[in-house]
Participant: 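One structure, as structure tokens, below. Some questions next.
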Amino acid sequence: MTAALPKGGSAPLIPRDRTVHPVPFDPDYKTSVTRSPKYALLAMESTPTEETGPVFGHDLLGPLDSNLILNFTRGESPAVGERILVHGHVLDENARPVRNTLVEIWQANAGGRYRHIKDTYFAPLDPNFGGCGRTITDEEGRYQFLTIRPGAYPWPNRGNDWRPMHIHFSVFGSGFGQRLITQMYFEGDPLIRHCPIVATVKDRSHIDRLVAPLDFSHSKPHDFLAYKFDIVLRGRRQTFFENKPEGM
Amino acid sequence: MVQKLNTLQESPSQTAGPFVHIGTVPTYAGLEGVYATELGQSTVSDGAKGQIIEISGRIIDGAGGVMRDALFEVWQADSQGLYAGQDGADPNVTGWARVCADPEDGKWTLKTVKPGRVSMRDGRIQAPHIAIWIVARGINTGLQTRIYFNDEDNSADPVLGRIEHKHRVETLLAQKQAEGRYEFDIRLQGEGETVFFDM
Ligand SMILES: [Fe+2]
């Protein structure tokens with residue numbers, strides 16, 4: 001049984017520009033040494049499999065899902081730490097907003113500790129902080145989270161490596177081939193230039209695109225500071241010459 | 001000087017790290033009840049049409065170690081080859097799920113419906129397959145690959161046809177063990193390295 005072509009939304013994805021991304025193999029990030037393929041990736045045009053993807057409705061979300069200060073205690077008592085709003089747009093490479101797309105984040109608490117069965121750092125857990133949040137972008141591709149600024153933390157790699165303060169982001173887009181996980185860093189953090197994970201991105205200008213500036217225009221007096229973090233996903237090729245038989 | 005392009009560049013990827021579960025599968029991390037609904041628990045709900053199958057395997061690193069912290073997402077068509085959201089697609093097939101390696105032995109299992117054949121824009125037909133996207137500590141950009149099935153006719157598949165070293169096609173074939181049961185190991189590096197895509 002064969003399928004009809006997907007309705008709408010099946011324009012080919014713009015091929016990934018791998019030069020903006022980290023190198024897969026980087027001896028300074030030791031775990032990558034055995035977790036990076038040796039063979040070259042097989043590059044080819046996207047198919048309907050990569051051009052379609054899951055859709056998430058706003059009704060899946062609870063009212064506190066994007067509020068990490070309160071969601072772990074279901075609104076009972078706030079997490080410890082510097083209160084911040086993290087906000088921005090999800091756009092595609094054609095500079096168009098990515099609407100109604102799922103954005104998920106996770107982060108350490110203010111002391112640099114994750115609430116995860118595998119995190120053994122001795123900084124204490126905050127009984128009021130879980131560390132996950134999720135939201136769906138609005139009609140203009142905007143999202144926002146209320147959270148606390150995560151602490152830096154040490155990790156086993158070279159003798160004395162520390163992660164800069166960061167928030168992990170997972171973003172969908174409208175096609176499975178647009179799937180992206182990245183990390184947001186904070187303006188002015190001196191640990192950014194020492195971090196071997198940051199340094200897997202080899203071009204400084206692309207690292208800068210992961211650093212969120214302090215944004216007073218969105219901070220609320222006597223309540224929280226704000227940081228702005230825009231995310232760009234792969235776009236779709238814009239052309240009048242699709243769907244032509246080969247050779248035309 | 002030339003005119004300015006009004007285009008943007010994709011945000012650089014960064015590793016999902018060892019704690020990816022907190023944000024994606026919080027109950028796995030030990031975070032119960034933060035969300036009312038955990039996303040991606042299954043590709044299907046009751047009543048999905050077609051054959052329900054179970055695929056299991058391990059993800060193995062370049063030193064032969066089984067990865068216990070890896071997570072991947074799957075995206076697949078329903079039994080008629082339609083993706084969720086397309087006209088006529090099976091309402092009981094979301095086609096998307098998250099799969100975690102077991103924290104003790106690294107084994108993963110996916111219960112799903114066997115996908116149908118999917119048309120390309122140019123009319124060529126893809127053999128039944130499940131797209132997968134793997135993230136973990138040490139993986140700097142999520143890895144794209146596909147599960148095909150060794151009991152299907154894959155000979156005309158346009159994607160498999162692009163694999164230059166034909167013996168590597170085997171790395172993408174789930175091996176049938178019994179009716180409805182398959183095994184599929186993923187090798188990130190070295191001998192038997194799985195074919196990974198950039199598409
Ligand atoms: Fe982290």
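Every chain is numbered from 1 and lettered A, B, ... according to where its sequence line falls, protein lines coming before strand lines.
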Participant: Walk me through it: do A/Glu104 and B/Arg98 pass the test salt bridge (Lys or Arg N to Asp or Glu O under 4.0 Å)?
Facilitator: CA-CA 14 Å; A/Glu104 296 163 300; B/Arg98 285 175 164 151; 2.7 Å; yes
Participant: Hey, could you give me the OG1/CG distance between B/Thr7 and A/Asn94, rounded to the nearest 0.5 Å?
Facilitator: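 Between atom OG1 of B/Thr7 and atom CG of A/Asn94 there are 7.5 Å.
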Participant: Side chain, backbone, both or neither: which part of A/His168 has an atom under 4.5 Å from a heavy atom of chain B?
Facilitator: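 Just the side chain, heavy atoms under 4.5 Å.
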Participant: Considering only heavy atoms, which portion of B/Gln9 lies under 4.5 Å from any heavy atom of chain A: side chain, backbone, both, or neither?
Facilitator: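 The answer is both parts of B/Gln9.
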Participant: Between A/Ile14 and chain B, with a heavy-atom cut-off of 4.5 Å, which part of the residue counts as in contact: side chain, backbone, both or neither?
Facilitator: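 When you check distances to chain B, no heavy atom of A/Ile14 falls under 4.5 Å.
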Participant: Provide the closest heavy-atom pair for B/Leu31 versus A/Gly130 in the form atom of the first, atom of the second, distance.
Facilitator: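 Taking B/Leu31 first and A/Gly130 second, the nearest heavy atoms are CD2-CA, 3.7 Å.
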Participant: Quick one: closest heavy-atom pair of A/Ile181 and B/Ser13, and the distance?
Facilitator: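 It is O-OG, 3.3 Å.
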Participant: Can you label the angle between the B/Tyr28 ring and the A/His116 ring as parallel, tilted or perpendicular, going by 30° and 60°?
Facilitator: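 The arrangement is tilted - the two ring planes meet at 30° to 60°.
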Participant: Going through the distances and angles, do A/Lys38 and B/Glu193 end up as a salt bridge (Lys or Arg N to Asp or Glu O under 4.0 Å)?
Facilitator: CA-CA 8 Å; A/Lys38 278 216 168 55; B/Glu193 183 176 306; over 6 Å; no
Participant: Of all of B/Phe196, B/Trp133, B/Phe197, which one pairs up most often with chain A through heavy atoms under 4.5 Å apart?
Facilitator: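 It is B/Trp133.
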Participant: Specify which of B/Pro103, B/Gly142, B/Ala16, B/Gly88 makes the most heavy-atom pairs with chain A at under 4.5 Å.
Facilitator: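 Top option by heavy-atom pairs under 4.5 Å: B/Ala16.
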Participant: Does A/Tyr39 use its side chain to pair, donor to acceptor, with the backbone of B/Gly190 at less than 3.5 Å?
Facilitator: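 Checked: no pair found.
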Participant: Can you tell which part of B/Thr94 gets under 4.5 Å to a heavy atom of chain A, answering side chain, backbone, both or neither?
Facilitator: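 Neither part.
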Participant: Is a side-chain donor or acceptor of B/Tyr83 paired with a backbone partner of A/Gly53 at a separation under 3.5 angstrom?
Facilitator: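 No, because the side chain of B/Tyr83 does not come within donor-acceptor range (under 3.5 Å) of the backbone of A/Gly53.
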Participant: Where do A/Thr34 and B/Asp61 come nearest, in terms of heavy atoms and distance?
Facilitator: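 Scanning both residues, the minimum pair turns out to be O-CB, 3.4 Å.
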Participant: Charged N to carboxylate O under 4.0 angstrom, B/Asp69 versus A/Lys118?
Facilitator: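 A/Lys118 and B/Asp69: not salt-bridged.
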Participant: Restricting to non-hydrogen atoms, name the atom on A/Ala95 and the atom on B/Leu8 that form the minimum distance, rounded to 0.1 Å.
Facilitator: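 In terms of heavy atoms, the two residues are closest at CA-CD1, 3.7 Å.
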Participant: Checking the side chain of A/Arg35 only, and the main-chain atoms of B/Asn140 only, is there a donor and an acceptor separated by less than 3.5 Å?
Facilitator: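 Looks like no, no N/O pair under 3.5 Å.
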Participant: Measure A/Val33 against the heavy atoms of chain B and call it side chain, backbone, both or neither at under 4.5 Å.
Facilitator: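 The backbone, not the side chain.
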Participant: When you measure from the side chain of B/Glu10 to the backbone N and O of A/Glu93, does any donor-acceptor pair fall under 3.5 Å?
Facilitator: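 Checked: no pair found.
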Participant: Under 30°, 30 to 60°, or over 60°: which ring-plane class applies to B/Phe19 and A/Tyr114, parallel, tilted or perpendicular?
Facilitator: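 B/Phe19 and A/Tyr114: tilted rings.
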Participant: With a 4.5 Å cut-off on heavy-atom pairs, point out which of B/Gln76, B/His165, B/Arg187, B/Gln126 contacts chain A the most.
Facilitator: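 It is B/Gln126.
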Participant: Could you tell me which non-hydrogen atom of B/Arg121 sits nearest to which non-hydrogen atom of A/Pro12, and how far apart they are?
Facilitator: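 In terms of heavy atoms, the two residues are closest at NH2-CB, 3.8 Å.
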Participant: Pick one of side chain, backbone, both or neither for B/Thr24, based on which atoms fall under 4.5 Å of a heavy atom in chain A.
Facilitator: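 Both backbone and side chain.
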Participant: Pick from A/Val201, A/Leu180, A/Ile207: which one makes a side chain to side chain contact (heavy atoms under 4.5 Å, CB included) with B/Gln14?
Facilitator: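 Among A/Val201, A/Leu180, A/Ile207, the one meeting side chain to side chain contact (heavy atoms under 4.5 Å, CB included) with B/Gln14 is A/Val201.
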Participant: One pair to check against side-chain contact (heavy atoms from CB on, under 4.5 Å): B/Leu39 and A/Arg134. What are the steps and the verdict?
Facilitator: CA-CA 11 Å; B/Leu39 302 175; A/Arg134 61 187 188 183; 3.5 Å; yes
Participant: Is A/Arg18 in contact with chain B via its backbone, its side chain, both, or neither, using a 4.5 Å heavy-atom distance?
Facilitator: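 Side chain only.
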Participant: Hey, mind stepping through B/Arg137 and A/Trp155 against side-chain contact (heavy atoms from CB on, under 4.5 Å) and telling me if it holds?
Facilitator: CA-CA 12 Å; B/Arg137 174 173 68 99; A/Trp155 58 296; over 6 Å; no
Participant: On a heavy-atom basis, which atom in A/Arg209 and which in B/Pro12 lie closest, and how many Å separate them?
Facilitator: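 Where A/Arg209 meets B/Pro12 most closely, the heavy atoms are NH2-CD, 3.8 Å.
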Participant: Would you check if the side chain of B/Trp75 reaches a backbone N or O of A/Gly177 as a donor-acceptor pair within less than 3.5 Å?
Facilitator: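 No.
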